[in-house]
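The shown structure was predicted, so the numbers you read here are calculated from the model rather than taken from an experiment.
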Amino acid sequence: MDMHAVREVSLAINAAHLFIYFIPEAPQEAAKLGVTEYGPAYFAFRSAPMGAVPWQVTLAAFYSFSARSVRAMEGVWDTATPGQWQAARFAAVDRAVRRVSVSLTADRIAEARSPIDPVVASADYAGKTMAAANASVPLPPDPLVALWQQITVLREWRGDAHVTVLAANDLGPCDCNVLQTATGHFPEAIARATRLWNDEEVAAATARLAARGWLNADGTTTETGIAARERIEVETDEHCAALWTPIGDTNVRRLTSLITPIHDAFTAAGTYPFHVETADTQPADPQTAR
């Protein structure tokens, strides 16, 4: 596999999936189930494919969140079943893609499904908890929402692989958040508001990364840290290469172009409060991300 193609399709898949966390339709659908707070709704929507698991299981699968953040989901399965949460998630996606007028014809959707379905069907799910759970979800009847769910499987597959790489590099849950924000790949304000690591935990993670030469004492990144973060991404890409080998470089690049209009439509609608990385853009400046 061409590793550039692997990175590009990974970025395109993440970008095409990401809108679910920022659209107004998601909290609206959650409110119909009796949950009005963002945190519990987020964890219920994303955990639903795993079934009615305790919050500790979600914490383990999601990796980068603090226990105090994930504990907020206690009681969500009493409010509604995982199946109801999954149906509500699909309803939010369906409403949102119609609102922003995603420009994918039926033929283009079918063309995208042609390579993506075999990848989902033949993927190795050993150690891929979130991907396996999403692969077990019956696809909804709407073709575009079904495509989005297949995209979600592959997005979570790379996420599961990334967790394996983070652990192998001794980069813990808080540490990976601090490195991600310091290198400009995620806004610090959003990371702190959603992951809920406190000041003491962030300071301790910063000290650990500084001891490795990845950050300066003030939390700014070093060249070594930038290189380390990229090395972790490359190692994750290497895990993902096997995922895409069965369909080859040409089909991978075609899939990338076919699903890009999903992200483009949501970007044009002003969905995101921050820069979303794609194959055509450069990472955000670290200071801007902060």
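When all heavy atoms of Ile190 and Phe274 are compared, the pair lying nearest together is CD1-CD2, 3.5 Å. The shortest non-hydrogen separation linking Gly51 to Trp77 is O-CZ2, 3.6 Å. Here the closest non-hydrogen pair linking Ser10 and Val6 is OG-O, 2.8 Å.
Taking 4.5 Å as the limit, every side-chain heavy atom of Val153 sits out of range of all side-chain heavy atoms of Trp157. Inter-residue side-chain proximity for Glu235 and Asn169 is flagged as met; some heavy-atom pair is nearer than 4.5 Å. A 4.5 Å side-chain heavy-atom check between Leu104 and Leu147 finds at least one atom pair inside the cut-off. Looking only at side-chain heavy atoms (C-beta outward), Ile247 and Val252 come within less than 4.5 Å of each other. At least one side-chain heavy atom of Asp94 sits under 4.5 Å from a side-chain heavy atom of Arg98. Within the 4.5 Å cutoff, side-chain heavy atoms of Pro49 are placed close to those of Gln86. Side-chain atoms of Trp197 and Asn177, non-hydrogen and from C-beta on, do get closer than 4.5 Å to each other. For the pair Arg158 and Asp237, the minimum side-chain heavy-atom distance is below 4.5 Å.
With rounding to the nearest 0.5 angstrom, the SG atom of Cys174 is 6.5 Å from the CZ atom of Arg208. Rounding to the nearest 0.5 Å places CG of Leu171 at 5.0 Å from CD1 of Ile232. Glu156 contributes atom CD, which lies 9.5 Å from atom CG of Asn14 (distance to the nearest 0.5 angstrom). Phe62 contributes atom CZ, which lies 4.5 Å from atom CZ of Arg46 (distance to the nearest 0.5 angstrom). Here the CD1-CD1 distance, from Ile259 to Ile151, works out to 4.5 Å after rounding to the nearest 0.5 Å. Atoms CD1 and OG1, from Ile13 and Thr256 in turn, are 7.0 Å apart once rounded to the nearest 0.5 Å.
Of the possible donor and acceptor atoms, one in the side chain of Asp160 sits under 3.5 Å from a partner among the backbone N and O of Ala131. The main-chain N or O of Ala44 is never found under 3.5 Å from a side-chain atom of Ser47 such that the two would form a donor-acceptor pair. With hydrogens and angles disregarded, no donor-acceptor distance shorter than 3.5 Å links the side chain of Asn216 to the backbone of Asp218. A donor-acceptor contact shorter than 3.5 Å links the side chain of Thr271 to the backbone of Phe266.
Scored by the side-chain contact (heavy atoms from CB on, under 4.5 Å) test, Ala72 finds Pro40 as partners (sequence neighbours excluded). Ser69 pairs by the side-chain contact (heavy atoms from CB on, under 4.5 Å) definition with Phe43, Phe65, Ser66, Leu196, not counting sequence neighbours. By the side-chain contact (heavy atoms from CB on, under 4.5 Å) test, Thr224 pairs with Trp214, Thr222, sequence neighbours left out. Not counting sequence neighbours, Ala210 has no partner by the side-chain contact (heavy atoms from CB on, under 4.5 Å) test. By the ring pair (Phe, Tyr, Trp, His ring centres under 6.0 Å) test, His162 pairs with no residue at all, sequence neighbours left out. Contacts of Asp199 classified as side chain to side chain donor-acceptor pair (under 3.5 Å), with partners at least two apart in sequence or in another chain: Arg192.
Linking Ile, Leu, Val, Met, Phe, Trp and Tyr whenever their side-chain heavy atoms come within less than 4.5 Å puts Val100 and Val276 in one cluster. Two different hydrophobic clusters hold Val234 and Leu243 under the rule that ILVMFWY side chains link at heavy-atom gaps under 4.5 Å. Residues Leu258 and Val102 do not share a hydrophobic cluster, clusters being chains of Ile/Leu/Val/Met/Phe/Trp/Tyr side chains in contact below 4.5 Å. In the hydrophobic clustering of ILVMFWY residues, with side-chain heavy atoms under 4.5 Å counting as a link, Leu139 and Met130 come out apart.
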Report all side-chain donor-acceptor pairs from residues 109-118 shorter than 3.5 Å, counting only partners two or more places apart or in another chain.
unit_1	atom_1	unit_2	atom_2	d
Glu111	OE1	Arg254	NH2	3.2
Glu111	OE2	Arg254	NE	2.7
Glu111	OE2	Arg254	NH2	3.2
Arg113	NE	Asp117	OD1	2.7
Arg113	NE	Asp117	OD2	3.0
Arg113	NH2	Asp117	OD2	3.1
Asp117	OD1	Gln150	NE2	2.9

Would you give me the side-chain donor-acceptor pairs under 3.5 Å for residues 18-28, sequence neighbours excluded?
unit_1	atom_1	unit_2	atom_2	d
Tyr21	OH	His17	NE2	2.8
Tyr21	OH	Arg89	NH2	3.2
Glu25	OE1	Arg99	NH2	3.0
Glu25	OE2	Arg99	NE	2.4
Glu25	OE2	Arg99	NH2	3.4
Gln28	OE1	Arg95	NH1	3.3
Gln28	OE1	Arg95	NH2	2.5

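Shown are Glu188, His185, Arg229; of these, the side chain to side chain donor-acceptor pair (under 3.5 Å) with Gln180 is made only by Arg229.
Taking 4.0 Å as the cut-off between side-chain N and carboxylate O, Asp2 and Arg253 count as a salt-bridged pair. A salt bridge is defined here as a Lys NZ or Arg NE, NH1 or NH2 lying under 4.0 Å from an Asp or Glu carboxylate O, and Glu277 with Arg7 fails to meet this definition.
The salt bridge (Lys or Arg N to Asp or Glu O under 4.0 Å) analysis of residues 256-271, with sequence neighbours excluded, yields no pairs. Residues in residues 227-263 take part in these ring pair (Phe, Tyr, Trp, His ring centres under 6.0 Å) pairs, two or more places apart or across chains: His263-Tyr272. Legend: salt bridge (Lys or Arg N to Asp or Glu O under 4.0 Å) pairs involving residues 56-84, not counting sequence neighbours, sorted by first then second residue: Arg68-Glu201. Under the side chain to side chain donor-acceptor pair (under 3.5 Å) criterion, the residue pairs touching residues 124-136 are Asn134-Gln149, with sequence neighbours excluded.
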